[in-house]
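Scroll down for the structure; my scribbles are underneath it.
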Amino acid sequence: MPLRFDDTLETVLAGDLRSPTGAPLVWRQLVDLLGRQRVPAEPRALDLLESLRPVVALDVRAASARALDGACPPAALVRLLATDDLMVALPVLRSAQLSEQAWTELLPVLSPAGRHVLRNRRDLPPAVLRALESFGSVDFVLADQRSPDTIAAEIGSQPIAAPPAAVEKGDGLFAVADLVARIEAYRRDRDAADATGRSGDRARSFRFETDAAGIVRWVDGVSRAPVIGLSLDLQGLAGASRLDGVAAGAFRRRAGFTNARLTIEGESDAAGDWLVSGLPAFEPVTGRFTGYRGSARRPRADERAEPARAPIEADALRQIVHELRTPTNAIAGFAEMIETQMLGPVPEAYRDRAGAIRAQARDLLGAIDDLDLAARIESAALSLGEGRVALRPLLAGIVADLGELLTLRGSAILLPSEDMAISGDRRAVERLLARLLATLVSATAREERLQVRFAQDDDERVAIAIDRPRALGHYPGEAVLGIDDEQDEDGTLLGTGFALRLARNLARELGGSLIIAPDMLTLRLPAATPVAREQLHRN
């Protein structure tokens, strides 16, 4: 049997490594191939990733690490990603499956925050947990946040005859007596926290602050150890502390969030379910994002705080979508060949049947594309460009494409005479408007007219208001997001609720929102003005 040479790795290694777009592309491809063990973890591939790391943006490296969720990356790649910035290390450390020896060898090179992520896992071997405990004296020391000038001034002001005994601390000195006092304070706080946990008393609220990476760095109101180091992107790891996707989505958009569901494992006073709210913080002069400030509270008796059931792993869903698209395209192509008699004469009945199959395959491909888009949004792997998009000509083309469906329903879409422009990725904006209008048209009745209106909001957003079909009036407010219209033969394949949720999520990715009112749906997107573009870049 002839041997087949796989040159996949050679092709990637020969890619463009110098251009601003080439290096991130090679990084993504190489991490994906190595992480899914489609190519061997050769030293030259790992060395290339190591050399690319300084020139590949942090958000690209973090997205590629999140995309490995559900895969089983080799130990060498786990080590490379786990020793990167915590945004990159976090998703890998949450889900990596290594041998006991590989974990033990990895622990010394991890940062304290990285080892804290592992302490929240409940599926590690006992020997690894014991090894983690040995780092307690290093990971839980109190950092001296004072500047060197402040430390020197405090030492110089002490009324002592001889110079104080001091120990070196990187960028400054502090007195041994001060160090001893801080250690004793830490021990008292730790013992008090342990006593609180043993007594079964639970805190009712706490405040927190994160850094720009979304990692909790300060907390007040509960024991520090279970909370410090948690991330706003902490999702989906069974048996460990976890936060639902509300906070993660808001973090990616630098937006506020309310009542995200957090579960903290363990026996401390912080253990249990919480509802978390937070607001982004920016430097007043430069506008640079600095993190989140927020609070958490226990849920009331009538509220749910446990995270909803774990969603399907986004990357696994993308893989399924890829496997479905190829045979569906083949079915559609073969049906078209029969319908057009490319293979020879075909009876009319078979041609009609082939036409129906082609139409169904087209609908299935649309649903597959929607699933792929939803998975990309969930895994933060959606790549968006910037540009100026004129709305009326774009909508006119979409309405023309919907002509067959409008004729079937006996309804119409009325566009405004004026034109307005928005800022965003043209393909994503077109996909958003096409899916939203197709979903609404599918719910219209005969002779129903959907009016589209434009307006400029005060906060540099363009509002696109669309009449809500009468059939959707039976669902108050956002209850329409839960509609499942499988019983409607003219409805969308994945359901009206899914299509509207997808439109809402895509609008958020574009820096806007979808507001559902009793009589209309309002899509708000950034206006194509210099002020809006500057604001988008700032956020």
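All residue numbers in this chain count up from 1 along the given sequence. Below, all heavy atoms of this structure are taken into account, side chains as well, without hydrogens, waters or symmetry copies.
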Checklist outcome for this item: Looking only at heavy atoms, the pair that brings Arg79 and Val109 closest together is NH2-CG1, 3.2 Å

Next on the checklist: I'd like to know if Asp85 and Arg61 make a salt bridge, using a cut-off of under 4.0 Å between side-chain N and carboxylate O.
Outcome noted: no

Item to check | Shortest non-hydrogen contact between Ala45 and Leu34, atoms and distance | outcome: CB-CD1, 4.2 Å

Next on the checklist: Quick check on Arg427: does its CZ atom have over 12 non-hydrogen neighbours (other residues, nucleotides or ligands) under 6.0 Å away?
Outcome noted: no

Checklist outcome for this item: For Ala507 and Leu514, the nearest pair of non-hydrogen atoms, with its separation, is CB-N, 4.3 Å

Checklist entry - Is a side-chain N or O of Arg288 found less than 3.5 angstrom from the main chain of Phe282, in a donor-acceptor match? => result no

Next on the checklist: Going by side-chain contact (heavy atoms from CB on, under 4.5 Å), name the residues that satisfy it together with Ser513, two or more places apart in sequence or in a different chain.
Outcome noted: Ile515, Arg524

Next on the checklist: For the residue pair Arg298 and Trp274, would you count it as a cation-pi contact if the rule is NZ or CZ under 6.0 angstrom from the ring centre and within 45 degrees of the ring axis?
Outcome noted: yes

Item to check | Test: Glu50 and Arg53 ion pair at under 4.0 Å | outcome: yes

Item to check | Atom of Pro299, atom of Asp273 and distance for their closest heavy-atom approach | outcome: CD-O, 3.5 Å

Checklist entry - Hey, does Arg207 have a side-chain heavy atom less than 4.5 Å from the side chain of Trp218? => result yes

Checklist entry - Where the side chain of Arg28 meets the backbone of Val60, is there a donor-acceptor pair that is under 3.5 Å apart? => result no

Checklist entry - Strictly under 6.0 Å, is that where the ring centroids of Phe208 and Tyr292 end up? => result no

Checklist outcome for this item: Nearest heavy-atom contact between Val31 and Ser64 is CG1-O, 4.0 Å

Checklist entry - Which heavy atom of Leu432 sits nearest a heavy atom of Ala503, and at what distance? => result CD1-O, 3.3 Å

